[in-house]
2 protein chains.
Amino acid sequence: MQTILVVDDDKDIVDLVRYNLRKEGFTVLTARNGVDALELASQRPDLIILDVMMPEMNGWEVVKKLKAGARTSTIPVVFLTAKSSEVDEVLGLELGAEDYLVKPISIPKLLARVRAVFRKRTSAGTVRENIAVGAVEILPEQHLVMIGGREVFFPRKEFEVLLYLAEREGKAVSRETLLDAIWGSDAHVVDRTVDVHIAKIRDKLGAHSDYVETIKGVGYRLRPPA
Amino acid sequence: MQTILVVDDDKDIVDLVRYNLRKEGFTVLTARNGVDALELASQRPDLIILDVMMPEMNGWEVVKKLKAGARTSTIPVVFLTAKSSEVDEVLGLELGAEDYLVKPISIPKLLARVRAVFRKRTSAGTVRENIAVGAVEILPEQHLVMIGGREVFFPRKEFEVLLYLAEREGKAVSRETLLDAIWGSDAHVVDRTVDVHIAKIRDKLGAHSDYVETIKGVGYRLRPPA
DNA sequence: CGGACGGGTTACGAAACTGTTACGGGGCGG
DNA sequence: CCGCCCCGTAACAGTTTCGTAACCCGTCCG
């Protein structure tokens with residue numbers, strides 16, 4: 001079953017949310033401050049419900065750190081906020097906030113949002129299964145790459161590029177497509193940047209660097225050699 | 001130039017979007033409600049930017065009707081939404097929404113999304129199916145050519161020429177037509193250039209070089225020998 | 001028989017593309 | 001505050017691809 005991390009300094013709210021989510025069958029982790037939240041986030045819950053206003057480390061900071069961590073950057077976050085004026089910030093800042101809820105919390109609304117997140121996750125194909133291309137294995141959920149059985153660390157961008165290519169094994173992928181998919185359609189990035197990442201990926205692939213083929217004038221293609 | 005239909009009940013937004021899209025060279029149609037939108041959609045714009053919240057007929061209904069109409073079902077739609085909670089619905093319901101934008105609108109983002117839609121449409125949009133002509137197999141998505149089961153590399157231009165001929169197997173294609181289709185109508189290329197590429201293609205086809213027939217005074221034709 | 005046409009081939013310089021390395025900025029952790 | 005890592009950009013070098021021109025051949029005439 002899916003795990004949800006609930007973070008709020010108000011014990012009443014934590015209890016209320018936990019009770020209701022458990023009743024729905026979710027596994028619930030809780031934290032009363034940002035530090036503990038980050039600690040628990042490393043367990044990779046499927047969703048984080050996060051209070052904006054907290055002593056010491058507020059919600060923004062927590063999210064920033066989550067997004068920075070390779071293992072936690074893809075976890076969806078739903079904000080809890082007391083003031084509706086904060087809503088604009090949630091939407092304005094592009095922190096990858098999945099959604100928000102305004103206090104006082106309406107339980108039906110909460111559950112609806114939570115279900116919506118999971119629906120989106122599964123329908124949008126965000127369920128990232130492990131992929132193997134020849135001797136290269138990619139484990140998206142753990143942000144891990146195994147090359148010939150050995151574990152190799154890939155920084156975020158390189159990882160995403162590799163994953164994208166792997167999901168389309170054998171297909172030619174243009175730089176433009178990669179930029180759209182990974183950097184976002186509104187990115188301000190030169191396409192030669194892709195080359196550099198490809199170079200680094202090849203470097204890490206070591207003996208298997210020939211998995212990444214260059215198609216001049218077209219793009220790249222990932223596949224095991226014949 | 002491409003035509004975009006903008007639908008929103010807020011005049012300010014319509015004006016803002018129209019102004020910016022026009023500046024980018026698009027032809028812009030506008031509607032203030034769902035009914036007018038459907039009316040204009042019959043003109044088959046290349047893209048529809050659609051507000052979710054509108055009086056009388058909301059965005060969902062408009063899209064449903066668009067998808068129902070044979071002439072309008074393939075037009076990509078980008079949603080405009082004020083609340084992030086609606087985003088889930090956009091993605092959750094599989095209405096074929098191409099993308100979405102959250103208000104307040106960022107113009108650079110809007111333009112980036114629009115451009116992305118057109119890029120996707122022209123490049124990956126069409127599902128390029130594999131083609132076989134005799135012993136020659138062309139796999140467009142992988143940018144691969146198999147000749148008698150053996151993989152042979154074709155540089156971009158040669159690949160495109162071969163593909164173009166293969167898509168018209170048995171039909172005579174003039175140099176002029178090829179130049180138009182592959183080099184672009186605004187290219188400044190001598191038509192004898194085509195001959196050179198044909199020669200290279202024949203060379204790579206090896207034993208099957210006779211697939212490419214010359215029709216004197218007309219052009220070329222690709223087909224397996226009788 | 002000579003010449004005009006159309007086309008096949010080859011050679012070569014220019015342009016286009018990519019691989020790689022180096023550098024600067026930013027963020028995070030110590 | 002310092003140092004390390006990730007990332008985007010620029011610059012340089014090495015290839016590949018492309019477009020033309022040139023030359024050659026066969027055919028079809030008068």
Side-chain angles (χ1 to χ4, degrees), chain A residues 34-35 38-39 41-42 57 60-73 93-95 143 145 152-162 165 172-176 178-179 182-184 186-206 209-222, chain B residues 143 145 152-162 172-176 178-179 182-184 186-206 209-221:
Chain A
V35 180
L38 287 173
E39 179 75 24
S42 66
M57 189 186 298
W60 310 128
E61 298 176 64
V62 173
V63 169
K64 236 192 288 186
K65 288 194 189 298
L66 284 173
K67 295 301 169 188
R71 296 171 50 75
T72 55
S73 63
L93 299 178
E94 289 173 24
L95 289 173
H143 190 92
V145 178
V152 180
F153 175 73
F154 276 66
R156 211 165 343 145
K157 288 282 188 237
E158 291 169 40
F159 185 86
E160 287 177 26
V161 171
L162 179 65
L165 290 175
V173 179
S174 71
R175 292 178 176 68
E176 213 173 50
L178 279 170
L179 287 179
I182 296 174
W183 277 261
D186 47 325
H188 60 294
V189 184
V190 181
D191 64 351
R192 287 305 307 280
T193 298
V194 175
D195 296 37
V196 177
H197 284 280
I198 291 286
K200 290 182 175 170
I201 289 173
R202 285 198 174 119
D203 188 42
K204 291 196 173 64
L205 289 181
S209 66
D210 54 350
Y211 277 34
V212 182
E213 298 176 63
T214 303
I215 309 170
K216 252 183 184 284
V218 178
Y220 296 98
R221 174 174 53 196
L222 181 74
Chain B
H143 194 89
V145 177
V152 180
F153 176 72
F154 276 67
R156 189 164 35 131
K157 284 277 191 279
E158 291 169 39
F159 187 89
E160 287 176 18
V161 171
L162 179 65
V173 179
S174 72
R175 292 178 175 72
E176 199 185 335
L178 277 170
L179 287 178
I182 296 174
W183 275 261
D186 52 319
H188 58 298
V189 187
V190 181
D191 63 350
R192 286 304 306 280
T193 297
V194 176
D195 296 36
V196 177
H197 284 282
I198 292 288
K200 289 182 175 171
I201 289 174
R202 284 196 174 122
D203 187 42
K204 291 198 172 66
L205 288 180
S209 66
D210 54 349
Y211 277 34
V212 182
E213 298 175 59
T214 302
I215 306 169
K216 274 193 159 217
V218 179
Y220 297 97
R221 170 173 54 193

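Every chain is numbered from 1, with letters handed out A, B, ... down the list of sequences.
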Inset, instruction - Would you kindly compare Val190(B) and Pro155(A) by the position of their nearest DNA chain D nucleotide and give the one closer to the 5′ end? - result: Pro155(A)
Inset, instruction - Describe the nucleic acid contact of Tyr220(B) in one word from base, sugar-phosphate, nothing, applying a heavy-atom distance below 4.0 Å. - result: sugar-phosphate
Inset, instruction - Take the protein atom CD1 of Ile201(B) and the nucleotide atom C1' of dG8(C), then report the distance between them rounded to whole Å. - result: 14 Å
Inset, instruction - Enter the distance from Leu178(A):CG to Thr193(A):OG1 here, rounded to the nearest 0.5 Å. - result: 11.5 Å
Inset, instruction - Figure out the CD/C1' separation between Glu176(A) and dT18(C), and round it to whole Å. - result: 17 Å
Inset, instruction - In whole angstrom, give the distance that lies between atom CD of Glu213(A) and atom C1' of dT16(D). - result: 16 Å
Inset, instruction - Decide yes or no, distance alone: a donor-acceptor N/O pair under 3.5 angstrom between the base of dC17(C) and the side-chain of Lys216(A). - result: yes
Inset, instruction - Please state how far atom CZ in Phe153(B) lies from atom C1' in dT18(C), giving the value in whole angstrom units. - result: 12 Å
Inset, instruction - Tell me whether the OP1 or OP2 atom of dC7(D) has a side-chain N or O from Trp183(A) closer than 4.0 Å. - result: no
Inset, instruction - Please state whether the phosphate of dT18(C), meaning OP1 or OP2, lies under 4.0 angstrom from any side-chain nitrogen or oxygen of Thr214(A). - result: no
Legend entry - Under-3.5 Å donor-acceptor pair between Arg175(B) side chain and dG6(C) base: no
Legend entry - Side chain to side chain, Arg156(B) and Val218(A), heavy atoms closer than 4.5 Å: yes
Inset, instruction - Name the nucleic acid region contacted by Arg192(A), choosing base, sugar-phosphate or nothing; use a 4.0 angstrom heavy-atom cut-off, strictly under. - result: base
Legend entry - Nearest listed nucleotide, side chain of Val189(A), among dC6(D), dA16(C), dT9(D): dT9(D)
Inset, instruction - For Val194(A) and for Asp191(B), find the nucleotide of DNA chain D with the closest heavy atom, then tell me which residue's nucleotide is more 5'. - result: Val194(A)
Inset, instruction - Could you give me the stems involving DNA chain D, meaning stretches of three or more consecutive Watson-Crick or G-U wobble pairs whose two defining distances are both below 3.5 Å? - result: C:1-30 with D:1-30
Legend entry - Separation of atom NZ in Lys204(A) from atom P in dT20(C), rounded to whole Å: 14 Å
Inset, instruction - Grab the two heavy atoms, one from Ile182(A) and one from Glu160(A), that are nearest each other, plus how far apart they are. - result: CG2-OE1, 3.3 Å
Inset, instruction - Answer yes or no: are there more than 12 heavy-atom neighbours, outside Glu213(B) itself, under 6.0 Å from its atom CD? - result: yes
Legend entry - Nucleotide of dT9(D), dT9(C), dG19(C) approaching Ala199(B) most closely (side-chain heavy atoms): dT9(C)
Inset, instruction - Side chain of Thr193(B) only, please: which of dT20(C), dC7(D), dT20(D) is the nearest? - result: dT20(D)
Legend entry - dC6(D) phosphate, OP1 or OP2, under 4.0 Å from His197(A) side-chain N/O: no
Legend entry - Phosphate-side-chain proximity, His188(A) and dT9(D), N/O vs OP1/OP2 below 4.0 Å: no
Legend entry - Gap between atoms CG and P, on Leu178(B) and dG7(C) respectively (whole Å): 13 Å
Inset, instruction - Check the distance between dT18(C)'s C1' and Lys200(A)'s NZ and give it to me in whole angstrom. - result: 16 Å
Inset, instruction - Determine yes or no for a side-chain-to-main-chain donor-acceptor pair under 3.5 angstrom, with His143(A) supplying the side chain and Phe154(A) the backbone. - result: yes
Legend entry - Interatomic distance, Asp195(A) CG vs dC12(D) C1' [rounded to whole Å]: 14 Å
Inset, instruction - Can you see which heavy atom on Arg175(B) is nearest to which on Asp191(B), and at what distance? - result: CD-O, 3.7 Å
Legend entry - Criterion side chain to side chain contact (heavy atoms under 4.5 Å, CB included) against Tyr220(B), the qualifying member of Ile198(B), Ile201(B), Val173(B): Ile198(B)
Legend entry - Pair Arg202(A), Tyr211(A): side-chain N/O donor-acceptor within cut-off below 3.5 Å: no
